[in-house]
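As the structure is a prediction and not an experimental result, all values here were calculated from the model.
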Amino acid sequence: MALEFEGKSFTQSLPKIYAIYTGGFLAFFALMAVLEQFGLSARAIGLSFVAFTIGIYAFIGVLSRTAAADAYYLAGRSVPPVFNGMATAADWMSGASFVAMAGGIFMSGYPYLAFVVGWTGGYILVATLMAPYLRKFGCYTVPDFIGTRYGGKLTRFCAIVVLIVASFTYVTAQITATGTIAARAFLIPFELACWLGLVGILVCSMLGGMRAVTWTQVAQYIVLIVAYILPIVWMSGAQGFGWFPQLQYGPAVERIQELEPLLGVGTAPVDTVAGLSALTTLHASPADGALAAWQFVTLAFCMMVGTASLPHILMRYFTTPSVKAARSSVAWSLFFIFLLYFSAPALATLSKLSLFDPTLASSIFGKAIADVEALGWVRNWGEIGLVAIRDSNGDGILQINEFFLNPDIIVLATPEFAGLPYVISGLVAAGGLAAALSTADGLLLAMANTLSHDLYYKIIDPKAETRKRLLTARVLLLVIGAAGAAVASMRLEGILGAVAWAFCFAMSGLFAPLVLGVWWKRANRAGAVAGMVVGLIAGWGYLIAVRNGMTPWLGLDHLRFGVVGVVASFIAMITVSLLTPAPDEETQRMVDAVRVPRGESLVRHH
């Protein structure tokens, strides 16, 4: 019998349940720290963290199993705002946020803060333009809103196509992140690790749908935020910058800027290593000229508008009890996300200083290559092909342009190279896994739910009974997940790159019909179809052209193709809507009612 994971008594006991869970997790961490002192091996600690956390998520997933459509698709619309905020933050803070973003800031400095600005700012758009109104509408999925607002099976089908393209691109990035972590924890090939990660993802979401995913995501948020902040505080204290690194790392930035010219940062490497980068980028600053500023703004714009178009994020606000709770939930999401994003630049700075500063025991440059190659972390990450050293000038001393790494490992490797106890590395691996699993759960669920609800139930077989619909959703979860793992194992694009593409696909096809669907009564079915089709084709076509050697327009490279897509989408949608008849009176009244952010949902599901 499934534990009743809804109802008033359950929601009232949530703080107690998660307080016990957090206490249990911290007790496990303390136990591992003690066992490390008694000689437990690093590998055993890493495996214990990964196995313990995945075991808990699987346990919650199994307890949350359900055969009710409302619980499977919408967690029974009973998730309180604070907990929905935590679940959304976990859903949102993917492998890109946890694993890759600090690595980008570590390698290139200031320009990568565009991701932080855009991803955080996107929630302002969600709060003001989308969440309360979509909740008021009362649909199951984003294509459900578009199909109901504009009418017609073709409109719904176009929304399904855009959702699948964006979400599938995004999920491959999450499986890549789980593969990177599992490969290091289990010391197995990356390709096998991707399939192992998929099993963890499916266990969380398979039986209980949105209800299981919501309660596992709250548990995953607790793990990932502890795992992210603890090493930063530890490093900052050990390096003498104080115990509030987010506010106190300014002197560390100044120290890096002093050391960069002394270490020869900016000297091009003689050798190259496939898939890895040398630390040769100078610490960029906002004063780097008009093109740098334009590229910063356009990347932040893509991340903002992409955030407000992502179906798996918008879907989270369909699970709250009321429209007011949806609005409050966005504010909580922003707070929980802020905790990690505010810390990422501090993490990147302190890890860089650990490697650069000759006064710290963890520094590696200017030392004998044989000594550096003997370091445990260099050996371990080197074995799985994510770190490499080339003695280009043959002097046996490590120069900055002779050291190559994959930026995605910075967060995971920092505890090792900063000389922290290995138990911290185990904690960080568990946090990274929580971040990637939670987002992958949300994405796979968004795709499976939209195919089972919007394609199968609303278009192919409107008479399908609930049991058949949920079985279809579960089979689709398996199929899409397997396809995602297969693509991830090919390593076609880095984690941050794949995530940027997903945002650009979502904004190219979905932003215009979503925003105009709420805010412009004149927007009609023909306009919505034109907006989705033209936007997606324009964005995708531009991406293919740039990847095949076309000179980018106005510096809009492959990470920014959403600007082209979203502009084309708005132009097409507005033009076609104005050239074709207005929607009927009933639809226009419905749009008026949606913009009153209180009262009952407009669409009732049975």
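Annotation: side-chain hydrogen bond (donor to acceptor under 3.5 Å, both in side chains) contacts of Gln295 (sequence neighbours excluded): none. Shown here are the ring pair (Phe, Tyr, Trp, His ring centres under 6.0 Å) partners of Phe98, two or more places apart in sequence or in another chain: Tyr228. Under the side-chain contact (heavy atoms from CB on, under 4.5 Å) criterion, Phe338 pairs with Phe342, not counting sequence neighbours. With sequence neighbours excluded, the residues satisfying side-chain hydrogen bond (donor to acceptor under 3.5 Å, both in side chains) with Ser333 are Tyr317. Under the rule for a salt bridge (Lys or Arg N to Asp or Glu O under 4.0 Å), the partners of Arg560 that lie at least two apart in sequence or sit in another chain are Asp557. Residues passing the salt bridge (Lys or Arg N to Asp or Glu O under 4.0 Å) test with Asp454 are Arg156, sequence neighbours excluded.
Considering only heavy atoms from C-beta on, Met532 stays 4.5 Å or farther from Leu536 through its side chain. In this structure the side chain of Ser569 never reaches within 4.5 angstrom of the side chain of Val534, judged on heavy atoms. At least one side-chain heavy atom of Phe301 sits under 4.5 Å from a side-chain heavy atom of Val566. Side-chain contact check for Leu224 versus Met93: some heavy-atom pair is nearer than 4.5 Å. Contact check for Thr439 versus His312: side-chain heavy atoms found under the 4.5 Å cut-off. Contact annotation: the side chain of Met210 approaches that of Arg316 to within less than 4.5 Å [non-hydrogen atoms, C-beta and beyond]. Inter-residue side-chain proximity for Leu129 and Val518 is flagged as unmet; no heavy-atom pair is nearer than 4.5 Å. Contact annotation: the side chain of Val564 never approaches that of Leu543 to less than 4.5 Å [non-hydrogen atoms, C-beta and beyond].
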Just do the side-chain contact (heavy atoms from CB on, under 4.5 Å) check on Cys158 and Val533 with the steps written out, would you?
-> CA-CA 7 Å; Cys158 290; Val533 172; 3.9 Å; yes
Report the C-alpha separation of Ser78 and Arg211 in whole Å, then their side-chain angles, then the decisive distance to 0.1 Å, and conclude whether the side-chain hydrogen bond (donor to acceptor under 3.5 Å, both in side chains) test is met.
-> CA-CA 9 Å; Ser78 61; Arg211 183 164 77 179; over 6 Å; no
Mind running side-chain contact (heavy atoms from CB on, under 4.5 Å) on Ile54 and Leu433 for me, showing each step along the way?
-> CA-CA 9 Å; Ile54 288 184; Leu433 211 52; 3.8 Å; yes
Do Val475 and Thr472 pass the side-chain contact (heavy atoms from CB on, under 4.5 Å) test, and can you show the C-alpha distance, the side-chain angles, and the key distance before you say yes or no?
-> CA-CA 5 Å; Val475 171; Thr472 308; 5.9 Å; no
Would you check, one step at a time, whether the test side-chain hydrogen bond (donor to acceptor under 3.5 Å, both in side chains) holds for Thr214 with Asn84?
-> CA-CA 7 Å; Thr214 299; Asn84 197 50; 5.5 Å; no
Stepwise side-chain contact (heavy atoms from CB on, under 4.5 Å) check, Arg135 with Arg327 = CA-CA 9 Å; Arg135 175 63 188 84; Arg327 197 183 284 275; over 6 Å; no
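For the residue pair Ile480 and Ala448, the shortest heavy atom distance occurs at CD1-N, 4.0 Å. Ala308 and Leu314 get closest at one heavy-atom pair: O-CD1, 3.6 Å. Of all non-hydrogen atoms in Pro513 and Gly509, the two that sit nearest each other are CG-O, 3.4 Å. Ile124 approaches Thr128 most closely through the heavy-atom pair O-OG1, 2.7 Å. Of all heavy-atom pairs between Leu412 and Ile181, the closest is CD1-CG1, 3.7 Å. The minimum heavy-atom distance linking Ala502 with Thr169 is given by the pair N-CG2, 4.0 Å.
A donor-acceptor pair is defined here as one N or O able to donate and one able to accept, closer than 3.5 Å; such a pair exists between the side chain of Thr178 and the backbone of Ile175. For Thr298 (side chain) and Trp294 (main-chain N/O), a donor-acceptor pair under 3.5 Å exists by modelled atom type. Side-chain N or O atoms of Thr148 include none that pairs as donor or acceptor with a backbone N or O of Phe145 at under 3.5 Å. With hydrogens and angles disregarded, a donor-acceptor distance shorter than 3.5 Å links the side chain of Ser309 to the backbone of Val305. Judged by distance alone, the side chain of Ser438 and the main-chain N or O of Ala90 form a donor-acceptor pair under 3.5 Å. Ser167 contributes no side-chain N or O that, together with a main-chain N or O of Ile164, makes up a donor-acceptor pair within less than 3.5 Å. No donor-acceptor pair closer than 3.5 Å links the side chain of Thr450 to the backbone N or O of Met447. Although no hydrogens or angles enter the test, the distance criterion places no donor-acceptor pair under 3.5 Å between the side chain of Ser328 and the main chain of Pro81. Not one N or O on the side chain of Thr120 forms a donor-acceptor pair closer than 3.5 Å with the backbone of Val117. Formation of a donor-acceptor pair under 3.5 Å by the Thr587 side chain with backbone atoms of Pro583 is not found in this model.
In this structure, the ring of Trp501 has its center no less than 6.0 angstrom from the ring center of Phe505. Between Phe318 and Phe137, the ring center distance fails the sub-6.0 Å criterion. For Trp92 and Tyr123, the gap between ring centers is short of 6.0 Å. Between Trp519 and Tyr133, the ring center distance clears the sub-6.0 Å criterion. Taking the six-membered ring for Trp and the full ring otherwise, Phe561 and Tyr542 have centroids separated by 6.0 Å or more. Phe503 and Tyr170 have their aromatic ring centers within a separation under 6.0 angstrom.
To the nearest 0.5 angstrom, Ser577 atom OG is 4.5 Å from Trp520 atom CH2. For the atom pair CZ (Arg149) and CG (Asp144), the distance works out to 14.5 Å, reported to the nearest 0.5 Å. Atom-to-atom distance recorded for Gln217:CD and Ile222:CD1 is 12.5 Å, nearest 0.5 angstrom. Note that the NZ atom of Lys521 and the CG atom of Leu516 stand 14.5 Å from one another [nearest 0.5 Å]. Note that CZ of Phe115 is 11.0 Å distant from CG of Leu113, once rounded to the nearest 0.5 Å. In this structure, CD1 in Ile225 is found 13.5 Å from CD in Gln220, a value given to the nearest 0.5 Å.
Seen from the ring of Tyr150, Arg525 does not count as a face-on cation partner, given the 6.0 Å and 45° thresholds.
No option in Phe83, Phe25, Tyr221 other than Phe83 meets the ring pair (Phe, Tyr, Trp, His ring centres under 6.0 Å) test with Tyr18.
Atom OH of Tyr21 has more than 12 neighbouring heavy atoms from other residues, nucleotides or ligands inside a 6.0 Å radius.
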